[in-house]
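What you are looking at is a predicted structure, and each value in this text was computed from that prediction instead of being measured. Naming: A, B, ... by sequence-line order, numbering from 1 per chain.
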Protein chains: 2
Amino acid sequence: MQPMNLPDLPTRERLITTAARLFRRNGYHATGLAELLTAAQVPKGSLYHHFPAGKSDLAMAAADWTAAQFMRIMDDAFVPAPDFQQGATTLCHKLAKLFDLLEAADACPISALLFDGPEGEPFRTHADVTFRRLTGHLAAHGARLGLGPQAAADQAELLVMAIQGAWTIARARRSSDLLRALPARLFLR
Amino acid sequence: MQPMNLPDLPTRERLITTAARLFRRNGYHATGLAELLTAAQVPKGSLYHHFPAGKSDLAMAAADWTAAQFMRIMDDAFVPAPDFQQGATTLCHKLAKLFDLLEAADACPISALLFDGPEGEPFRTHADVTFRRLTGHLAAHGARLGLGPQAAADQAELLVMAIQGAWTIARARRSSDLLRALPARLFLR
DNA sequence: TAAAGACTAGACCAGTTGGTCCAGTGATGC
DNA sequence: GCATCACTGGACCAACTGGTCTAGTCTTTA
């Protein structure tokens with residue numbers, strides 16, 4: 001997911017990518033600032049310069065960054081696809097590979113950051129709009145590939161939901177097989 | 001889910017149900033012992049008497065208790081059902097009602113406790129066997145209702161996965177509609 | 001009645017938490 | 001040469017963390 005971030009990236013980027021990685025792996029509350037800053041090689045002062053609200057601010061940014069990465073993967077899968085099902089199949093295979101790359105230890109990149117953030121509305125709302133953005137992005141591919149607007153929205157929503165669930169179980173099981181098998185189970189019924 | 005636990009339940013049960021509720025709502029790391037003990041009206045000494053390993057021990061127990069509750073709901077839905085699809089439909093409706101009862105603020109009762117527990121293998125393994133137990137339980141109903149062993153296992157796995165994903169998105173969206181609509185989307189394709 | 005064990009109560013602790021603050025640093029524009 | 005700026009480094013802090021310990025109180029036995 002992240003291209004060996006540490007070396008030369010600007011401070012702000014180093015913070016975001018490191019935060020995304022750690023929050024995804026250990027959760028928001030289980031990741032201490034000290035650990036995060038050490039990993040990112042960034043002093044505390046810089047964090048509060050770039051993200052005045054501190055940890056929660058950084059978490060939002062990391063979530064956005066992760067969502068953007070995810071949409072890029074979507075595009076890679078769907079742009080060359082002849083139809084929605086093919087695109088979905090490629091997407092799930094890509095995600096399975098990503099899952100293996102992360103050594104099955106991470107929570108679903110989409111949702112990891114969004115659920116144990118600082119309690120309260122703003123964070124949950126951010127999760128909502130992020131999911132909607134992802135679903136919408138997927139639906140756009142569906143529409144482009146010939147699905148009607150309603151069908152595209154439906155299929156996109158179902159797929160996002162299924163990926164979400166599959167990733168969770170896959171993580172417990174430490175196997176990406178569920179992700180790989182997903183499209184076949186979803187579509188060829 | 002829990003029948004207004006506080007009043008008269010024995011200490012140990014009060015601890016478990018309160019822990020299940022708080023961990024589900026706020027996550028493991030975000031729930032402090034102080035908060036938990038206040039809510040359960042239990043002094044610290046009692047916690048370490050009943051659960052010598054402390055918080056993590058309690059979390060395991062809470063996860064098991066939650067899984068048991070969930071299997072009871074499964075039974076309620078599947079025992080009177082004429083076939084697997086009907087059972088699944090009833091189950092999802094029951095879960096939607098539960099979701100609304102919890103005011104949409106809680107994580108999926110199945111997985112909430114299992115993923116941001118104390119890092120390390122034992123907790124993840126516990127999540128794995130718990131998911132397998134749930135899936136197996138569901139598959140047994142499937143087999144009883146006439147599905148072949150393979151089909152039963154497949155359908156059960158898919159359903160658990162889908163519920164998992166649907167609950168997550170539903171939580172972000174604060175609406176149980178996704179859960180209610182799930183069986184139709186999964187089976188009537 | 002006595003003794004034993006289950007259980008409770010909460011003071012106490014060392015370590016860590018997220019966050020503040022400000023003196024420095026180095027580049028840029030005038 | 002100088003002022004301004006975005007940024008860094010890290011000392012410092014109050015609040016809180018999970019966990020330990022022990023004195024005490026019940027309940028159950030004999």
Side-chain angles (χ1 to χ4, degrees), chain A residues 5-63 113-120 122-123 126, chain B residues 5-63 113-120 122-123 126:
Chain A
N5 44 7
L6 291 179
D8 43 338
L9 268 65
T11 303
R12 199 190 140 88
E13 308 301 312
R14 246 181 309 148
L15 275 173
I16 291 181
T17 55
T18 307
R21 180 163 48 89
L22 292 183
F23 288 164
R24 204 194 312 141
R25 175 150 306 181
N26 303 126
Y28 176 84
H29 286 100
T31 305
L33 280 192
E35 178 191 3
L36 202 162
L37 293 170
T38 303
Q41 310 232 52
V42 166
K44 201 168 260 192
S46 308
L47 166 61
Y48 285 89
H49 171 75
H50 290 289
F51 301 96
K55 202 185 180 188
S56 61
D57 218 352
L58 175 58
M60 297 275 196
L113 299 143
L114 301 171
F115 276 121
D116 67 341
E119 53 219 82
F123 223 67
H126 194 78
Chain B
N5 44 7
L6 291 179
D8 44 337
L9 269 64
T11 303
R12 198 189 141 87
E13 307 301 312
R14 247 182 308 146
L15 275 173
I16 291 182
T17 54
T18 307
R21 180 163 48 88
L22 292 184
F23 288 165
R24 206 193 311 140
R25 175 149 305 181
N26 303 127
Y28 176 83
H29 287 100
T31 305
L33 280 192
E35 177 192 2
L36 203 161
L37 293 170
T38 302
Q41 309 232 54
V42 167
K44 201 168 259 192
S46 307
L47 166 61
Y48 284 90
H49 171 77
H50 290 289
F51 301 96
K55 201 186 180 187
S56 61
D57 219 351
L58 174 57
M60 296 276 197
L113 298 143
L114 301 169
F115 275 121
D116 68 339
E119 54 219 83
F123 223 67
H126 194 78

With the side chain counted from C-beta on, respond yes when Leu36(A) and Leu58(A) share a heavy-atom pair under 4.5 Å apart, and no when they do not.
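Contact flag for Leu36(A)/Leu58(A) side chains = yes.
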Look at the side chain of Pro43(B) and decide which nucleotide, out of dA9(C), dT8(D), dT17(D), has an atom nearest to it.
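Of the options given, the side chain of Pro43(B) lies nearest dA9(C).
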Once you round it to whole Å, what is the distance between [atom2] of [N] and [atom1] of [X]?
X	N	atom1	atom2	answer
Lys55(B)	dC16(D)	NZ	C1'	12 Å
Leu37(B)	dG18(D)	CG	P	9 Å
Leu58(B)	dG19(D)	CG	P	10 Å
Asp57(B)	dG18(D)	CG	P	15 Å
Tyr28(B)	dT17(D)	OH	P	13 Å
Glu35(A)	dT17(D)	CD	P	19 Å
Leu33(A)	dG15(C)	CG	C1'	16 Å
Leu47(B)	dC7(C)	CG	C1'	13 Å

Taking only side-chain N and O atoms of [X], does any of them lie within less than 4.0 angstrom of OP1 or OP2 on [N]?
X	N	result
Thr11(B)	dC7(C)	no
His50(B)	dT8(C)	yes
His49(B)	dA9(C)	no

Inter-residue atom distance [X].[atom1] - [Y].[atom2], 0.5 Å rounding:
X	Y	atom1	atom2	answer
Thr17(A)	Leu22(A)	OG1	CG	9.5 Å
His49(B)	Arg12(B)	NE2	CZ	9.5 Å
Met60(B)	Asp57(B)	CE	CG	7.5 Å

Using a heavy-atom cut-off of under 4.0 Å over every strand shown, decide if Ser56(A) touches base, sugar-phosphate, or nothing.
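Nothing, no heavy atom under 4.0 Å.
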Do Lys44(B) and dG19(D) have a side chain to base donor-acceptor pair shorter than 3.5 Å?
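Checked by distance alone, the answer is yes.
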For Val42(A) and Gly45(B), find the nucleotide of DNA chain D closest to each by heavy atoms; which residue's nucleotide sits nearer the 5' end?
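Closest to the 5' end, via its nearest nucleotide, is Val42(A).
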Nearest heavy-atom neighbours spanning Pro43(B) and Leu37(B):
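The pair with the smallest heavy-atom distance is O-CD2, 4.2 Å.
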